[in-house]
Amino acid sequence: MTKQRTLLILNFFLLTTLFGDAVDKNDDKDTPTKPTHAAASQMVLDTMQAELDRGRTELAKADPSPYFISYTVNDRDSLTIAGSQGTILNSQNNRSRFADVSMRIGTPDLDNTHNESRPSALTSGSLPLVDDKDAIARVLWQLTEREYRKSSRSYENVKTSKKVRAKEEDESSDFSKEQPSRDISPEKTPLTLEQKKWEARVRKLSATFRNYVDIERSVLVLEVEDGSRYFVSTEGSRIESGGHSARIMALATSRAVDGMELLRVETFSAESPDKLPSDAEIIAKIKKMGEDLAALKKAPIAEPFSGPSMLSGRAAAVFFHEVLGHRLEGQRQRGDEEGQTFTKRVNQEVLPTFLSVADDPTRTEVNGTQLSGAYKFDDEGMPSRPVQVIKDGVLKEFLMSRMPVKNFSQSNGHGRNQPGLMAVGRQGNLIVTSTKSIKDSEVRTRLIEEVKKAGKPYGLLFDDIQGGFTLTQRALPQAFQVLPIMVYRVYADGRPDELVRGVDIVGTPLTALTRIEITGDKPEVFNGICGAESGSVPVSAVAPSMLFSEIEVQRKQQSHELPPILPPPGFDPLPGNKNAKEPSKKSTGGEQ
Amino acid sequence: MKRQPLILTLRSLLLASVFLSSHLWAQSSTPGSVDNDPLISSLKTELERSRQKLQLDNEKKPYFVQYTVTDVQSLSAEAVFGALRRENQTHIRFLRVEVRVGDYKRDSSFGNGDGVSDLVPLDDDPIAIRHQIWLATDTAYKRALEILTEKEARLKQIELEYQVDDFAKASPVVSVSPLLKLDFGGEEGRKKYRAMLESASSLYRNDAKIQTFSASYDFNVLNLYLLNSEGSLVRNGREYYSFSINAATQAPDGMRIDRGRGFAAAKIGELLDVTHLNTEAEKIIASLAALRSAPVVEDQYQGPVLFSPDAAADVFHDLVGNNALGRKPNLGSPARTGTEYANYFHSRVLPEFINIVDDPGMATFNGKTLLGHYDVDEEGVKAQAVTIIDKGKLANYLLGRSPIRDFPESNGHGRSSNGGSPSPAMSNLVVKASETMSRADLEKKLIEMCKDRGLAFGYFVQTLGGINSPRLLYKVYVKDGHRELVRGARFGDLDRRTLRSDLAAVGNDAELDNRATGIPMSIITPSILIDEMEVRRDNTTKEKLPQYGPPPLGTIATTKTGN
């Protein structure tokens, strides 16, 4: 009954940043392990390889014996700083070395991972941080032992239940046959985690929120990560990959007088902290968030509506990620629980013929914007490659991990997971392209024409969509819901656009997607974190703006908790409060 | 067993200097003049604002508002097989806001309806700190209004047998102590403690049958702030430090054998040093080896069992201390507490020669500082010594500000860990007896009792891993008094009734057990002799031995960097 919650959901944002598992170290001293990077990675890889070889030889004598074992180690050095209102709430420097031991017993056709037993192929744990070969090998041995118990038990269960159950709809095997890969990434420049410098930056940026009387909760999080991943398998793969990432996430909330919760989120991501946008640029965005929230607070509630609408490129990108992307993940085509929206539509038209969709993790940037969903090898050690899922409106392929589905027996490098979870087919960089495009300003003109043609007073312009969730399970309606944040009524009579609040786009994917009439000519990028059964992975979605002949919206569910009774501390003119300010003109005030 | 590592954080030098300056200031301060502490002045301002102005339309105003901030500094680390696996340093401030609507007799406390938690900034910025307090107060107040309505509706449907107030009145306490700082000796100290863990956990090398071996430490310094609308203003510190060792092996028949030992202290200087930690690690390895080759308990035994002070501490903690907690039962329940002692007030629950006191005021025992010592509890009430058991009879309960039938006031036992919601808890649980005997006499008595019943042996338990799971259990033979370690036993019927009817004798060998897990506390108890209880075979399924052995060890000690 799980919902696919995707793209920067509030809870994820707060919980993982503030309450993630932490491994700290001092920032101004050497870390526990500091021989050169190359020596360290060589030691880790060699130890993994030796222990893997030993395990394979030893377990070959056992009954049952595994036909596949892999070790993945994620070595991560990261810094997470959370600030609010110009102060630091929390600042952590984490170092961790996390191992996933994966094992398969049986045959690729039927193994211990069959159906719901998929998690039986994985046992995880933390490895020593210092480069002590004996200790690392011994922990790997422990995990392998534990995984052997788990997978052999599961394999017995799989065999038994196979005997008593009816024939399955999709008789694909459980594990694809693939060529091993060997690749050692070129040595990267190690990242210095300058905690103090970036704490100062978080203070400076988060202080901007203090100027807005309507903002209740605000958090600004800076995350910098320097990671290496090591992968070895009994098939002969040996891969070292790694990279840096830096991300700033700013979040602010407010509430309308009727209790509706209002939320704005902005994220900025780059390969390293120095490539993040300038303070001035980020502060401008934060100011816009403050102004947007003040405007949303006063905005009228949207009426249920069905009619011509326009999605900005950014909104269209999120829309495609949610509505189409998740349904093209390979494992959604298999299993009795899945709705299988697209399973039987291969080689059929599912989009207007002027649209094509590719998921291309090999692409690192679009028009100068870096893409978060890029990688060289997926989490099952498969080389990434561009996958043309939809060509000229026709469905061609799914996003495949090493779990085969009917007619698709191979991985296409989309097996992804967060450490500690089993990989499934996931999106990387989902890129929508169009052969029927006009200038963005003309799309707007076309929207007004469509509105007039439909005899409506206005159409809707979706400027920003925060994220959403998609239900792909069979027991639930095959519907999607995305959470638009900045939505405007565009009037046919030339009145200025009017911001409205409380809108949810609803509909079913197969009909919604066929109503795209034309697109803009400028692709926009949305970078975010996508959550699903294999955990949180960084993704990008890229799309031009789009005109829909019809989009249906409904009123959003809302809480009825009123805005705060007293004004925020900085805005309450207490006697002797030097910092007190009168509420700004924009404000509707907290006081009643 | 282990406290969850606290959330992260290494403070920057800048913040450390802010901290340090307030620290220095605090030492020269006198109670009542704390306006220079930015955190206290922010809490005060917001408390005053809420008290004066917080009211929704024509709804009730709060009658009680309380702010607590728990400033936690911690350092913890773990090493496995001689190598550091985790090292965390944390500084975080937890805020808890309690808003009560109604009055002391009946208010909005109901389930978890009386507290809202959040973080407050580590920087001493009044506006930013107050912003967090403001939001939490607003949420807590609105929730209190809703809960009171819900509670009143609920109360209309049930018949209350007893009228018990919802909240105990307490006199305001003003108590300001100097701020405490976590001082582990800087980078040198950190390296020293890391090296200790690596040294102790590397001893696995001496025994090829050891499957798991890790050592960890956990240092915590808390500065607690409490302000309430009754006028209490408290700032005081708590500190606790611990080492622990965890090990596991398998007997040749597959039985899993685990041992975990913690060594806690209330002062960093009272912790084990490197030699002693290694000695303890060696002892654990030796005990695992002994357990592996020890015979399994086969036949059911009914007879006397002697408990060491360490094992007796678990017994008194679980069967007396926990039952004496004055936890309010569910709404409408006629029971006095939610524990097994609910109906035993003034009844005999132990032999007449036993007295048990819980005394937070007790600071040391045999030169060691007690972990359960404090002056003011986490609800701002002065600590009091409470006689729980008086000549074997249940004389009192441990109480916070949530009254129970016949006990309208707190006795200073409202405690919490790391900024959580306070509830009644033990502090220093001290077991005393009017008649005692030496350990040697207790052992003699054990043998005599066995002889009288025609038993070939009795049992002596050294340590427990859970009240019914003996870890180190020995058969003591009647014929020559020799001891034999056994494994795979369970206690069948050790419960409250056993202590009342079968506690035969008590030693004069009281020992201190400092416990840093959960809410820090101490237990002081001598050995006890139970005259009859059941020891039987534990029927947990045995696992197979590993399919293959551990990786061979490098012949030369691996070079390590970083220390």
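- Inspection of the B:Q211 and B:Q250 side chains reveals an N or O donor paired with an N or O acceptor under 3.5 Å.
- At distances below 3.5 Å, at least one donor-acceptor pair connects side-chain atoms of B:R85 with backbone N or O atoms of A:S126.
- Using a 4.5 Å cut-off between heavy atoms, A:L79 does not touch chain B at all.
- Heavy-atom distances place the side chain of B:Q132, and not its backbone, under 4.5 Å from chain A.
- For chain B, the nearby part of A:Q142 is the side chain; its heavy atoms alone come within less than 4.5 Å.
- Salt-bridge check for B:D118 with B:R96: failed, with every basic side-chain N at 4.0 Å or more from each acidic carboxylate O.
- In this structure, chain A has no heavy atom under 4.5 Å from any part of B:T137.
- In this structure, B:R130 does not pair ionically with B:D125, as no charged nitrogen and carboxylate oxygen lie closer than 4.0 Å.
- Comparing B:P552, B:P551, B:S201, B:S50 by heavy-atom pairs within less than 4.5 Å of chain A, the highest count is held by B:P551.
- Within the 4.5 angstrom heavy-atom criterion, atoms from both the backbone and the side chain of B:T212 approach chain A.
- With salt bridges taken as basic N to acidic carboxylate O contacts below 4.0 Å, none links B:E146 and B:K142.
- Minimum interatomic distance between B:P62 and B:V101 (heavy atoms only, all atoms of both residues): CA-CG2, 4.3 Å.
- Interface summary for chain B: among A:R146, A:E51, A:K61, the most heavy-atom pairs under 4.5 angstrom belong to A:E51.
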